[in-house]
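Notes for the one structure printed next.
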Amino acid sequence: MPKQYSPTDSEARWYEFWETSGYFAASEDPEDHRPTYTLAIPPPNVTGSLHMGHACRTTFEDVLCRHKRMQGYNTLWVPGIDHAGIATQVVVERQLKKEGLTRHDLGREKFIERVWQWKEESGGRILQQLRKMGASCDWPRTKFTMDPDMVRAVREAFVQLHEEGLIYRDTRLVNWDVESRTVLSDLEVEQEENVEGTMFDFAYRLADGDGEVVVSTTRPETMLGDTAVAIHPDDERYRHLHGKYVRHPFVDRMIPVILDAELVDPEFGTGVVKVTPAHDPNDFATGKRHGLEEINIFNLDGTLNENGGTFQGLERFEARKAVENELANLGLARGSKKHMMTLPRSHRSGTIVEPMISTQWFVKMKPLAAPAIKAVEDGTIQILPPEWSKTYFHWLRNIQDWCISRQLWWGHPIPAWYCDDCDHVTVSREDATACGGCGGTSIRQDDDVLDTWFSSGLWPFSTLGWPEKTLALERFYPTADMETGYDILFFWVARMVMMGLHFMGEVPFTRVLLAGLVTDERGEKMSKVKGNVVDPLDVIYGATGEELIAKAEQAGAKKSGIKYLRATYPDGFAAYGADALRMTLLSYSPQSRRIALSMKRIEGYRNFANKLWNASRYALMRLTGSSTKASQECPQPNALANRWVLSRLYQALDVASTGLDAYRLDEASGALYHFVWDEFCDWFLEVSKPALDSGDPALVQETEATLAHALETVLRALHPMMPHITEEIWQRVPKWADAPPSIMISRFPSALVDAKVDRQAERDFEVVQAFVGSARTIRAEHDVPKSEPMKIHWHTDDEGKRAVLEAERSTIETLARCEMCFEADAAKLDDAAAHFDNAAVFVNPGVRAAVPGVIDTEKERDRLQRDLKKVEKELGVVEKKLGNPSFVERAPEAVVDKSKRDASELREKRQRLEAALNSL
RNA sequence: GGGCGGGUAGCUCAGUGGUAGAGCGCUGGCUUUACACGCCGGACGUCGCAGGUUCGACCCCUGUCCCGCCCA
């Protein structure tokens with residue numbers, strides 16, 4: 001085995017081994033009666049390429065699945081990809097643009113063919129990339145949301161909801177994306193806050209007489225669609241306007257002055273509001289209240305239509321300028337001022353969303369939301385971290401109907417047909433050939449497709465075969481966990497809950513695990529433009545600084561982004577490997593909303609992998625030539641260090657198991673990390689050296705057995721988190737006779753069943769650790785070279801401690817490079833200076849010692865004074881507490897006792913330190 | 001406007017009603033045959049601010065100031 005672990009080859013090799021061995025496959029064998037564990041992957045976009053968000057998801061999900069699989073569950077992790085309506089259409093349109101074509105040149109049918117062709121060639125690359133992370137998905141079950149069986153499920157869902165009256169068509173004000181030329185759901189509109197805009201004032205002249213009213217607007221162009229001006233009914237300033245009309249300056253229209261207490265805030269602006277029912281949600285509602293005409297002034301691409309009069313054909317922002325100018329020319333402009341406002345932008349295209357009146361398909365949400373609320377209320381579904389439940393409830397309790405039609409070409413067609421001869425709309429599972437109303441055959445299908453999230457909402461059961469009653473559906477639904485980002489709690493999670501409850505009559509999953517968003521180390525969102533995107537594959541395989549920069553430039557990073565990149569990662573990344581990346585992602589608390597990924601941290605876990613590798617290298621070296629093999633049963637050694645390390649191991653396993661079950665993967669991984677590094681390596685392996693070299697056959701044998709068992713067990717516990725390296729090592733560990741061929745299918749170590757917690761061993765070993773620690777401190781502080789042995793005269797009145805220290809003498813002498821001399825006469829240590837030349841002293845609980853011939857008096861005085869100060873400070877706190885009668889009376893007995901013990905220990909320590917200082 | 005989360009060591013973050021933790025960074029030493037991607041030491045925090053509850057609060061409550069997110 002080489003001195004350094006190199007992940008690259010190893011990871012690829014073992015992944016292939018697992019996949020070809022069929023270990024990822026869930027079983028549908030009717031004879032298989034194991035309990036099931038199912039997790040449906042949040043399907044990445046078909047256009048997607050692996051980013052840290054995916055890496056994070058994949059790691060968490062893979063850990064959950066591998067853990068359950070090792071616990072004996074028939075585990076199914078369903079992989080898949082989403083057709084991602086707009087995103088995909090845009091990618092292919094961009095490709096066409098390079099050929100000088102638009103989708104309209106091709107026509108709908110040819111365009112969709114083209115998208116499929118693109119999908120076959122370059123779509124779904126991300127599934128290959130997920131494998132690089134070690135994802136143990138059941139790949140042959142991969143689903144694509146446009147697969148024929150998915151199409152069938154979508155149709156079934158649509159038709160059923162329509163039959164139930166939960167899907168309907170309506171004309172209302174919707175969010176229009178003029179760039180993508182499609183409607184958007186409310187969720188797909190983002191509000192950009194605190195945008196500086198201009199509040200423009202202008203006057204409408206009264207139709208009779210020469211008065212005027214001044215209105216304010218941030219969108220002057222919409223005045224072309226004004227059909228009223230509104231005032232507050234109680235506003236005395238405008239009483240004279242009641243029942244009057246104003247004249248539109250550009251189009252031949254009389255506009256009524258209406259009274260509306262709801263729309264108008266008399267305190268705001270002039271107290272007069274222009275009303276554009278066709279292009280503003282509030283005005284739309286006002287229009288409905290007053291029966292106003294709704295005049296749409298825009299074409300679907302955001303240019304003005306024929307209702308714009310002379311402004312027809314202008315793009316909406318050009319029209320704004322033109323209207324302002326023209327109003328000024330007519331002497332109607334009344335000034336403008338800066339105004340902070342909120343702009344609605346399209347989630348996808350980023351363009352400013354235009355409210356437009358349009359006929360669309362909607363899902364009635366209230367009836368679907370009610371059971372979804374209840375499922376979380378009554379705990380059928382648990383959301384973690386639990387704070388998110390509130391957000392979930394708030395959204396569902398205030399839910400609006402969901403606009404599901406989209407004016408795209410790529411997506412699930414809406415199974416509705418319109419008749420040329422009558423008004424009937426035919427909605428059908430099969431392609432309709434005749435009108436369901438009049439029987440006429442002159443029908444055409446709805447041009448629109450469904451919102452991508454409509455098909456995603458069915459994911460947990462559509463992937464298992466619904467609406468067919470398949471064995472998979474029977475066996476694996478409901479799934480267990482839904483792990484995803486909180487950013488799609490509404491988009492996806494809530495909708496799956498509603499759909500699952502509605503169509504399956506059962507929740508789609510029982511736990512929702514929401515993780516934070518991965519950001520760069522400054523906490524800023526990763527973006528191509530900012531140049532701060534860390535590609536998981538670069539972390540796994542390594543990349544030079546130049547490669548990172550070249551890549552960022554190609555992705556369109558700004559100069560400042562390149563600068564950041566150059567400053568932050570001048571040397572690029574080493575090939576840290578998937579396991580190191582996984583451990584890093586796991587180490588962040590899932591409670592946090594932000595995972596500010598730090599390269600240094602990844603490096604730290606790469607080092608951990610190397611540490612594990614070398615510890616194993618040592619263990620395997622020691623086991624070579626011995627007949628000792630790792631046993632499934634925990635050995636029962638006699639030597640202290642062996643008992644201690646097993647006790648610590650099983651406690652670490654207990655924390656790890658609890659963490660894995662409670663979705664505290666940070667705690668689980670942390671417990672194993674610290675066990676391996678701080679206890680197994682730093683203490684046990686060091687202690688094992690003299691033991692294995694002792695020549696005492698019994699000690700050698702039990703130490704080998706402990707070493708083998710502890711290593712093999714911790715490897716299994718780490719496997720869900722670091723699958724590749726644990727397999728690489730595990731394969732080499734000598735094991736019991738019928739060990740399985742892969743760690744992946746071995747049993748996850750159970751702390752509860754095998755618990756070997758040995759409190760006595762832990763207490764005793766702590767005495768050893770304290771002794772060694774103190775000796776090392778003295779050596780370090782007094783610059784005693786390692787080569788120079790130290791003689792340590794020690795004493796304790798505690799028989800138990802004395803026995804431990806005597807028994808562990810050779811261990812301590814090796815670890816601290818010292819010679820221990822028990823000093824029977826305690827008085828000699830009380831006045832160390834008189835009995836030992838130039839002695840440094842140390843005081844541990846119940847044990848004190850003098851190390852002669854080492855001190856630098858000045859340094860020793862500093863050190864002792866430092867210690868003394870600390871002790872006095874602590875003692876002050878404890879004594880104050882004990883001096884408080886209500887503490888002694890009211891605090892729990894155990895707490896008071898502990899304080900008393902602390903106090904006496906501190907007093908002793910103080911006394912010893914003072915004595916040492918005085919005798920210097 | 002409503003809601004949520006956060007403000008703990010230089011940085012990134014854990015954490016508990018009973019004398020503050022990790023990793024990185026900093027610092028002193030070490031060619032100790034598992035590992036320098038290492039080993040052994042060391043320094044570093046009045047836990048945003050102000051009140052309150054409590055024998056005792058970084059942790060609970062109230063108010064307040066910043067930062068971020070979501071919804072309207």
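Just so it is clear: chains get the letters A, B, ... in the order the sequence lines come, proteins before strands, and each one is counted from 1.
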So, does [X] get its side chain near the phosphate of [N], meaning an N or O under 4.0 Å from OP1 or OP2?
X	N	answer
A:Lys390	B:rC71	no
A:Trp677	B:rC39	yes
A:Lys689	B:rU32	no

Given the [atom1] atoms of [N] and [M], what is the spacing between them in whole Å?
N	M	atom1	answer
B:rG18	B:rA57	C1'	10 Å
B:rC26	B:rC65	C1'	32 Å
B:rG25	B:rU62	P	41 Å
B:rG10	B:rG45	P	8 Å
B:rU8	B:rG42	P	26 Å
B:rC58	B:rG28	P	35 Å
B:rU16	B:rG21	C1'	11 Å
B:rG6	B:rC13	P	13 Å

Would you indicate what [X] reaches in the nucleic acid, counting non-hydrogen atoms under 4.0 angstrom: base, sugar-phosphate, or nothing?
X	value
A:Asp487	nothing
A:Arg617	sugar-phosphate
A:Lys880	nothing

Which base, if any, makes a Watson-Crick or G-U wobble pair with [N], both distances under 3.5 Å?
N	answer
B:rG45	none
B:rC69	B:rG3
B:rG56	none
B:rC11	B:rG23
B:rG38	B:rC30

Could you verify whether a donor N or O on one side chain and an acceptor N or O on the other, from [X] and [Y], lie under 3.5 Å apart?
X	Y	result
A:Thr584	A:Tyr576	no
A:Trp683	A:Asp678	no
A:Thr628	A:Ser626	yes

Can you tell me how far [atom2] of [N] sits from [atom1] of [X], to the nearest Å?
X	N	atom1	atom2	result
A:Leu623	B:rA34	CG	C1'	13 Å
A:Phe680	B:rA34	CZ	P	14 Å
A:Arg622	B:rC35	CZ	P	12 Å
A:Asn398	B:rC4	CG	P	14 Å
A:Tyr605	B:rC35	OH	P	23 Å
A:Leu882	B:rG56	CG	C1'	12 Å
A:Glu889	B:rG56	CD	P	13 Å
A:Lys786	B:rC39	NZ	C1'	7 Å

Open item on the list: Checking side chain to side chain donor-acceptor pair (under 3.5 Å) between A:Ser587 and each of A:Arg582, A:Arg601, A:Glu667, which is the one that passes?
Closed with: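 Looking at A:Arg582, A:Arg601, A:Glu667, the match for A:Ser587 under the side chain to side chain donor-acceptor pair (under 3.5 Å) is A:Arg601.
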Task: Contact letters for nucleotides 12-19 of chain B, in which S counts primed atoms plus P, OP1 and OP2 and B counts the base, heavy atoms under 4.0 Å - done: BSSS--BB
Taking only the side-chain heavy atoms of [X] (C-beta and beyond), determine which of [options] contains the nearest atom.
X	options	value
A:Thr777	B:rC39, B:rG42, B:rC4	B:rG42
A:Ala780	B:rC39, B:rG28, B:rA34	B:rG28
A:Lys3	B:rC40, B:rC4, B:rA36	B:rA36
A:His394	B:rC55, B:rU32, B:rC71	B:rC71
A:Tyr618	B:rU32, B:rC70, B:rA34	B:rA34
A:Glu781	B:rG25, B:rA34, B:rG41	B:rG41
A:Arg776	B:rA34, B:rC71, B:rG41	B:rG41

Task: Along RNA chain B (nearest heavy atom to each residue), the more 5'-positioned of A:Asp678 and A:Asn607 - done: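 Between the two, 5'-proximity favours A:Asp678.
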- [ ] Hey, which sits more toward the 5' end of RNA chain B by its nearest nucleotide, A:Arg606 or A:Asn614?
- [x]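 The residue whose closest nucleotide sits nearer the 5' end is A:Asn614.
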Open item on the list: Evaluate A:Leu875 against A:Arg910 for side-chain contact (heavy atoms from CB on, under 4.5 Å), listing each step before the verdict.
Closed with: CA-CA 9 Å; A:Leu875 189 58; A:Arg910 180 178 62 181; 3.4 Å; yes
Task: Lys/Arg cation over aromatic A:Tyr618: A:Lys689, 6.0 Å, 45° cone - done: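 Pair A:Lys689/A:Tyr618 counts as cation-pi.
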Task: Cation over ring face, A:Arg776 and A:Phe771, 6.0 Å, 45° - done: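 The answer is no, since A:Arg776 fails at least one limit relative to A:Phe771.
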TODO: Start with the C-alpha distance between A:Glu728 and A:Trp613, add both sets of side-chain angles, then the distance that settles side-chain contact (heavy atoms from CB on, under 4.5 Å), and finish with yes or no.
DONE: CA-CA 9 Å; A:Glu728 179 75 53; A:Trp613 177 253; 3.7 Å; yes
- [ ] Would you confirm whether the ring centroid of A:Phe490 sits within less than 6.0 angstrom of the ring centroid of A:Tyr392?
- [x]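 When the ring centroids of A:Tyr392 and A:Phe490 are compared, they turn out to be at least 6.0 Å apart.
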Open item on the list: I'd like to know whether A:Arg732 forms a side-chain contact (heavy atoms from CB on, under 4.5 Å) with A:Ile729, so could you lay out the CA-CA distance, the side-chain angles of the two residues, the decisive distance to 0.1 Å, and finally the verdict.
Closed with: CA-CA 5 Å; A:Arg732 304 172 195 229; A:Ile729 298 168; 5.7 Å; no
